[in-house]
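On a predicted model such as this, the values are computed, not experimentally measured, just so you know.
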Amino acid sequence: MGQEKAVRVGIVKAREVCVVFHSVYRLNGKPFVGKHHFTFSAEDRLFIPDDEGASFTLEEVVIGIGFHWERKEEQTFCGSLLLKEEEGQVRAINVVPVETYLTSVISSEMSANASLELLKAHAVISRSWLLKMMDNRQWTTDNGQRTEEAVHEQVDESSIIRWYDSEAHVGFDVCADDHCQRYQGITRQTNPQVFEAIEATRGEVLTYEDKICDARFSKCCGGMTEVFESCWESVHHPYLVAKADPYCNTRDRRILAQVLNNYDQETVDFYRWTVIYTTDELSELIHRKSGVDFGRILDLVPVDRGTSGRIVTLKIVGEKRTLTVGKELEIRKWLSESHLYSSAFEVEKTWNGFILHGKGWGHGVGLCQIGAAVMGDQGIPYEKILAFYYPHAELMKKW
């Protein structure tokens with residue numbers, strides 16, 4: 001077996017970063033403690049703690065970037081702090097061992113009070129996804145720096161097809177927000193079960209044909225999971241299949257609270273939802289979000305759907321222009337101030353606008369967090385939860 005890796009997590013970028021060191025951290029031997037403000041520097045600055053249990057707090061960390069729950073928080077982290085220059089600003093990066101990172105992820109993606117079996121299942125898939133991203137990251141070289149292509153697109157006169165993957169970061173492995181996996185340090189680690197789940201699954205990953213699985217997950221599949229290629233690159237993964245999920249339709253607030261953190265609980269209608277636009281509202285919104293002047297929107301026509309019913313490509317018919325847009329996240333971006341819950345919706349035309357009748361929250365690929373919470377609450381072991389959502393995958397210990 002191999003050795004545990006360290007992961008670099010990009011937390012916040014700003015012209016000035018405020019850090020509170022709760023015990024002694026050292027930069028090139030010089031001690032730092034208490035509150036400090038850091039601005040631009042062309043040199044990397046790595047602050048290493050004297051003690052293993054040391055921590056620091058970052059102020060004004062933005063979470064939920066681009067989503068309807070976006071806000072700023074103070075967040076506390078253990079491990080080392082790396083400050084790097086990024087686009088003339090300061091990027092704060094937390095450097096921690098993978099298992100320490102995961103302790104935070106499963107508390108941030110869900111509630112630390114979730115069932116033990118759900119926490120174990122999420123520890124395995126979060127570890128798998130992270131290591132897959134770290135191992136398979138494709139780097140190119142630009143002016144001597146490592147860079148990545150964040151947006152994949154196919155654009156012509158009749159269509160704009162884009163998909164987004166977790167490749168947008170330079171100088172660190174993953175970000176701390178929904179773009180990658182939610183990571184909020186030790187801010188929400190409040191239950192010993194989190195540590196128990198990490199220790200019980202330490203080093204475990206999902207594999208297919210001896211390769212680590214790209215273990216995607218979403219909040220609520222809406223009753224049917226989706227295949228990978230409907231949302232991202234047109235590559236089939238045999239362990240990411242479309243299948244009925246009888247577990248995720250629950251209104252049990254006790255179970256929902258295991259998955260939905262305080263700001264997530266502001267969203268209550270995600271299994272089945274409705275969005276209503278007047279024609280004027282929708283026309284203005286699409287023009288602003290897409291940058292394309294369609295004129296007055298005349299129709300929204302689903303062209304291609306995945307097995308779950310999620311729209312992969314959508315034809316937008318306007319007085320001035322008709323264009324097909326995809327994939328699912330781009331559709332969600334164009335049709336909402338932040339993001340639609342999902343692209344699994346039916347379009348109803350009314351006398352003065354459009355009604356979108358939707359289901360689910362997120363892309364629907366892989367594990368459904370709500371469904372897995374119900375399974376865990378029923379005492380179903382984490383191995384069976386993983387087998388349900390990732391058929392053909394196997395558990396393997398990496399360390």
Asker: List the steps and the verdict of side chain to side chain contact (heavy atoms under 4.5 Å, CB included) for Glu73 and Glu59.
Answerer: CA-CA 7 Å; Glu73 290 186 339; Glu59 297 183 354; over 6 Å; no
Asker: Between Asn94 and Gly185 (side chain of the first, backbone of the second, donor and acceptor by atom type, cut-off under 3.5 Å), is there such a pair?
Answerer: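 Not confirmed, Asn94 side chain does not pair with Gly185 backbone.
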Asker: Residues two or more places apart in sequence or in another chain: which of them pass salt bridge (Lys or Arg N to Asp or Glu O under 4.0 Å) with Lys5?
Answerer: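 So Lys5 forms a salt bridge (Lys or Arg N to Asp or Glu O under 4.0 Å) with Asp135.
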Asker: Any side-chain donor-acceptor pair under 3.5 Å between Glu153 and Trp163?
Answerer: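 No, no side-chain donor-acceptor contact under 3.5 Å.
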Asker: Treating Arg162 as the side-chain partner and Gly326 as the backbone partner, does any N or O pair qualify as donor plus acceptor under 3.5 Å?
Answerer: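 Answer holds: no.
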Asker: How many angstroms lie between atom OH of Tyr390 and atom CG of Leu367, to the nearest 0.5 angstrom?
Answerer: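 Going from the OH atom of Tyr390 to the CG atom of Leu367 covers 4.5 Å.
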Asker: Does any non-hydrogen side-chain atom of Leu335 lie less than 4.5 Å from one of Leu314?
Answerer: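 Heavy-atom side-chain distance check passes, below 4.5 Å.
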Asker: Would you say that more than 12 heavy atoms from the other residues, nucleotides or ligands in this model lie under 6.0 Å from the CG of Asn28, or not?
Answerer: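 It does not: Asn28 CG has 12 such atoms or fewer within range.
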Asker: May I ask whether Leu27 and Ile11 are part of the same hydrophobic cluster, defined by side-chain heavy atoms of I, L, V, M, F, W, Y residues being less than 4.5 angstrom apart, directly or through others?
Answerer: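 Yes, Leu27 and Ile11 fall within the same hydrophobic cluster.
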Asker: Just say parallel, tilted or perpendicular for the rings of Phe32 and His36, cut-offs at 30° and 60°.
Answerer: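 Phe32 and His36: perpendicular rings.
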Asker: Does one side chain, of Asp214 or Tyr239, offer a donor that lies under 3.5 Å from an acceptor on the other?
Answerer: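 Per modelled atom types, Asp214 and Tyr239 side chains form no pair under 3.5 Å.
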Asker: Ser343 and Glu328: which non-hydrogen atoms are nearest, and at how many Å?
Answerer: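 Shortest heavy-atom contact: OG-CB, 3.2 Å.
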Asker: So, using side-chain contact (heavy atoms from CB on, under 4.5 Å) as the criterion, who are the partners of Val24 when residues are at least two apart?
Answerer: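 With neighbours one apart ignored, the set is Arg26, Pro31, Asp50.
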Asker: Does the side chain to side chain contact (heavy atoms under 4.5 Å, CB included) test come out yes or no for Asp44 and Leu83, once each step is laid out?
Answerer: CA-CA 6 Å; Asp44 290 355; Leu83 299 180; over 6 Å; no
Asker: Among residues at least two apart in sequence or on other chains, which ones pass salt bridge (Lys or Arg N to Asp or Glu O under 4.0 Å) with Lys398?
Answerer: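 So Lys398 forms no salt bridge (Lys or Arg N to Asp or Glu O under 4.0 Å) with any residue.
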Asker: Taking only residues two or more places apart in sequence, or in another chain, which ones meet Lys13 in a salt bridge (Lys or Arg N to Asp or Glu O under 4.0 Å)?
Answerer: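 Per chain and number, Lys13 pairs via salt bridge (Lys or Arg N to Asp or Glu O under 4.0 Å) with Glu86, Glu87.
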Asker: Counting only heavy atoms not in Glu394 (residues, nucleotides, ligands), do more than 12 fall under 6.0 Å from its CD?
Answerer: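 Atom CD in Glu394 is not packed in, count stays at 12 or less.
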Asker: Going by atom types alone, do Asp245 and Tyr389 pair a side-chain donor with an acceptor below 3.5 Å?
Answerer: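 Tyr389 and Asp245 do have a side-chain donor-acceptor pair below 3.5 Å.
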Asker: Please assess Lys333 against Leu329 for the test side chain to side chain contact (heavy atoms under 4.5 Å, CB included), listing each intermediate value before the final yes or no.
Answerer: CA-CA 6 Å; Lys333 286 174 175 285; Leu329 184 55; 4.0 Å; yes
Asker: Sequence neighbours excluded, which residues qualify as side chain to side chain donor-acceptor pair (under 3.5 Å) partners of Trp334?
Answerer: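 Listed in chain order: Glu330.
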Asker: Quick one: list whatever passes side chain to side chain donor-acceptor pair (under 3.5 Å) with Asp280, sequence neighbours left out.
Answerer: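 For Asp280 the side chain to side chain donor-acceptor pair (under 3.5 Å) partners, ignoring immediate neighbours, are Arg296.
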Asker: If we ignore hydrogens and angles and just use 3.5 Å, is the side chain of Thr103 paired with the main-chain N or O of Glu99 as donor and acceptor?
Answerer: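 Here the side-chain-to-backbone pair exists.
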Asker: Which distance, rounded to the nearest 0.5 Å, do you find between the NZ of Lys289 and the OG of Ser336?
Answerer: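 So the gap between those two atoms works out to 6.0 Å.
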Asker: Decide if atom NZ of Lys35 counts as having more than 12 heavy atoms of other residues, nucleotides or ligands within a radius under 6.0 Å.
Answerer: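 Not more than 12 within 6.0 Å, no.
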Asker: With sequence neighbours left out, write down each residue that passes side chain to side chain donor-acceptor pair (under 3.5 Å) with Thr57, or none if nothing qualifies.
Answerer: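 Applying side chain to side chain donor-acceptor pair (under 3.5 Å) to Thr57 gives His22, Thr76.
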Asker: Of all residues at least two apart in sequence or in a different chain, which pass the side chain to side chain donor-acceptor pair (under 3.5 Å) check with Asp299?
Answerer: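 By the side chain to side chain donor-acceptor pair (under 3.5 Å) rule, Asp299 matches no residue at all.
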Asker: About how many Å separate CG of Asp51 and OH of Tyr25, when rounded to the nearest 0.5 Å?
Answerer: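 Interatomic distance, Tyr25 OH to Asp51 CG, rounded to 0.5 Å: 9.5 Å.
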Asker: Between Glu85 and Arg45, does any side-chain N to carboxylate O distance fall below 4.0 Å?
Answerer: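 Answer for the salt bridge query: no.
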Asker: Less than 4.0 Å between a side-chain N and a carboxylate O, is that true for Lys120 and Glu196?
Answerer: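 No, no charged N to carboxylate O under 4.0 Å.
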Asker: Just one of Lys359, Arg310, Arg305 clears the salt bridge (charged side-chain N to carboxylate O under 4.0 Å, His left out) bar with Glu346, so which one?
Answerer: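 Of the listed options, the one satisfying the test is Arg305.
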Asker: Give me the atom names and distance for the closest heavy-atom approach of Ile385 to Ala121.
Answerer: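 Nearest heavy atoms, Ile385 then Ala121: CG2-CB, 4.2 Å.
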Asker: Could you measure the distance from the CH2 atom of Trp361 to the OG atom of Ser342? Nearest 0.5 Å is fine.
Answerer: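 OG of Ser342 is found 11.5 Å from CH2 of Trp361.
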Asker: Assess the side chains of Thr350 and Asn352: does a donor N or O sit below 3.5 Å from an acceptor N or O?
Answerer: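 The answer is yes; a qualifying pair exists.
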Asker: Can you list the residues that meet the side-chain contact (heavy atoms from CB on, under 4.5 Å) rule with Lys315, with sequence neighbours excluded?
Answerer: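 side-chain contact (heavy atoms from CB on, under 4.5 Å) check on Lys315 returns Val301, Val303, Val317, Thr322, Thr324.
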Asker: Under the salt bridge (Lys or Arg N to Asp or Glu O under 4.0 Å) test, which residues partner Arg272, sequence neighbours left out?
Answerer: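 Salt bridge (Lys or Arg N to Asp or Glu O under 4.0 Å) list for Arg272, sorted by chain: empty.
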Asker: Considering all heavy atoms of both residues, which atom of Ala123 and which atom of Ala197 are nearest to each other, and what is their separation?
Answerer: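 Closest pair (atom of Ala123, atom of Ala197, distance): CB-O, 4.5 Å.
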Asker: Test of understanding: clusters of I, L, V, M, F, W, Y form through side-chain heavy atoms closer than 4.5 Å, transitively. Do Leu116 and Ile125 belong to the same one?
Answerer: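 Leu116 and Ile125: separate clusters.
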Asker: I'd like a table of donor-acceptor pairs (distance under 3.5 Å, sequence neighbours excluded) in which one partner is a side-chain atom from residues 227-235, with atom names and distances.
Answerer:
from, atom 1, to, atom 2, distance (Å)
Glu229, OE2, His236, ND1, 3.1
Ser230, OG, Glu226, OE2, 3.2
Trp232, NE1, Tyr164, O, 3.0

Asker: Any Lys/Arg nitrogen of Glu117 or Lys384 sitting under 4.0 Å from an Asp/Glu carboxylate oxygen of the other?
Answerer: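 Looking at Lys384 together with Glu117, the answer is no, because their closest N to O distance does not fall below 4.0 Å.
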Asker: Side-chain donor-acceptor pairs under 3.5 Å in residues 368-383, sequence neighbours left out?
Answerer:
from, atom 1, to, atom 2, distance (Å)
Gln369, OE1, Lys219, NZ, 3.1
Gln369, NE2, Glu109, OE1, 3.4
Gln369, NE2, His122, NE2, 2.8
Asp377, OD1, Arg254, NH1, 2.7
Asp377, OD1, Gln258, NE2, 3.4
Asp377, OD2, Arg254, NH2, 3.1
Tyr382, OH, Glu204, OE1, 2.8
Tyr382, OH, Glu204, OE2, 3.4

Asker: How many angstroms lie between OH in Tyr271 and CG in Asn249, if you round to the nearest 0.5 Å?
Answerer: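 If I round to the nearest 0.5 Å, the distance is 4.0 Å.
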Asker: Between Thr225 (side chain) and Gly366 (backbone), is there a donor-acceptor pair under 3.5 Å?
Answerer: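 Such a contact is absent between Thr225 side chain and Gly366 backbone.
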Asker: Step by step, would you call Val155 with Ile161 a side chain to side chain contact (heavy atoms under 4.5 Å, CB included)?
Answerer: CA-CA 6 Å; Val155 179; Ile161 309 299; over 6 Å; no
Asker: Just so I know, are the side chains of Phe172 and Arg91 near enough to count as touching, which here means a heavy-atom distance under 4.5 Å?
Answerer: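 Side-chain contact under 4.5 Å: yes.
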Asker: Rounded to the nearest 0.5 Å, how far does NZ of Lys327 lie from CZ of Arg332?
Answerer: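 The NZ atom of Lys327 is 14.5 Å from CZ of Arg332, to the nearest 0.5 Å.
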Asker: Got a salt bridge between Lys84 and Glu43, using NZ or NE/NH1/NH2 to carboxylate O under 4.0 Å?
Answerer: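 Between Glu43 and Lys84 there is no salt bridge, as every charged N stays at least 4.0 Å from the carboxylate O atoms.
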Asker: In the single-linkage hydrophobic clustering (I, L, V, M, F, W, Y; side-chain heavy atoms under 4.5 Å), do Ile212 and Trp399 co-cluster?
Answerer: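 Result: yes, single cluster for both.
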Asker: Is the distance between the ring centroids of Phe38 and Phe47 less than 6.0 Å?
Answerer: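 Aromatic pair counts; centres sit under 6.0 Å.
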Asker: Are Tyr247 and Phe388, when compared by the centres of their aromatic rings, separated by less than 6.0 Å?
Answerer: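 Tyr247 vs Phe388: aromatic centres under 6.0 Å.
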